Chemist: 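One structure, as structure tokens, below. Some questions next.
Whatever order the structure lists them in is the order used to number ligands and atoms, beginning at 1. Treat the numbers as computed from the prediction; the structure is a model and nothing was measured.
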Amino acid sequence: MSETSFEIAMEGDRDGYVTFECPFCGSSFGLRADEVKNENGYMDRIYCPYCGLNNDFDSFLPNEIIEQAKEIAYNWMIEQLNQTFEKMAKDINAHRGIVKMRYKPLKKNEISEIHSHEGVEEAFECENCNHHVKVLYVTGSSLVYCPYCGVNT
Ligand SMILES: [Zn+2]
Ligand SMILES: [Zn+2]
């Protein structure tokens, strides 16, 4: 079976920030949709701006995005089944035999919409790599860790 990839649309907020969630401390923060992408797709690693721990890009995806990915994958599977059954029904019926196959397409799930959180975040620019991050709860006056290079600014 060939590999299939799904493009998950992440809606940014009015400034183009997409919400991520730290798998360690559970805090959310925003990264610019155009900055998390690189030539190979998405960046490999993200540092949490709050606790400074890092992990794979995927593990920072918020639950709602994971859920949407599952829904999209499910619908893709249904689509494959529908196509298979449709073809099977056509083949069988084409023989004009006694056997008739009736085929009713399976229903797909509604894809839920993802909304980024709008609110009290503040945007920072990293002095080291010039990437941007939006943090929700600013404890001090300055940014803690840069999600891209991990520098403590
Ligand atoms: Zn964290
Ligand atoms: Zn940086």
Chemist: For residues E79 and Q83, is any side-chain donor paired with an opposing acceptor at under 3.5 Å?
Modeler: yes
Chemist: Is it true that a side-chain atom of E35 and a backbone atom of H132 form a donor plus acceptor pair closer than 3.5 Å?
Modeler: yes
Chemist: Identify the residue among I46, N130, N128, V36 that makes a side chain to side chain contact (heavy atoms under 4.5 Å, CB included) with Y148.
Modeler: V36
Chemist: Measuring from the Zn ion (ligand 2), count protein N/O/S atoms under 2.8 Å, please.
Modeler: 4
Chemist: Tell me every residue that passes side chain to side chain donor-acceptor pair (under 3.5 Å) with N109, counting only those two or more places apart in sequence or in another chain.
Modeler: none
Chemist: Just by modelled atom types, is the K108 backbone N or O under 3.5 Å from a matching donor or acceptor in the Y74 side chain?
Modeler: no
Chemist: Over 60° means perpendicular and under 30° means parallel, so classify the ring planes of F24 and F60, tilted if in between.
Modeler: perpendicular
Chemist: Would you please name every residue forming a salt bridge (Lys or Arg N to Asp or Glu O under 4.0 Å) with E71, sequence neighbours left out?
Modeler: none
Chemist: Take the angle between the ring planes of F29 and F20 and call it parallel below 30°, perpendicular above 60°, tilted in between.
Modeler: parallel
Chemist: Let me check something: do V135 and Y47 share a hydrophobic cluster, defined by ILVMFWY side-chain heavy atoms less than 4.5 Å apart, either directly or through other members?
Modeler: no
Chemist: Using 2.8 Å as the cut-off, note every protein N, O or S atom close to the Zn ion (ligand 1).
Modeler: C22 SG, C25 SG, C48 SG, C51 SG
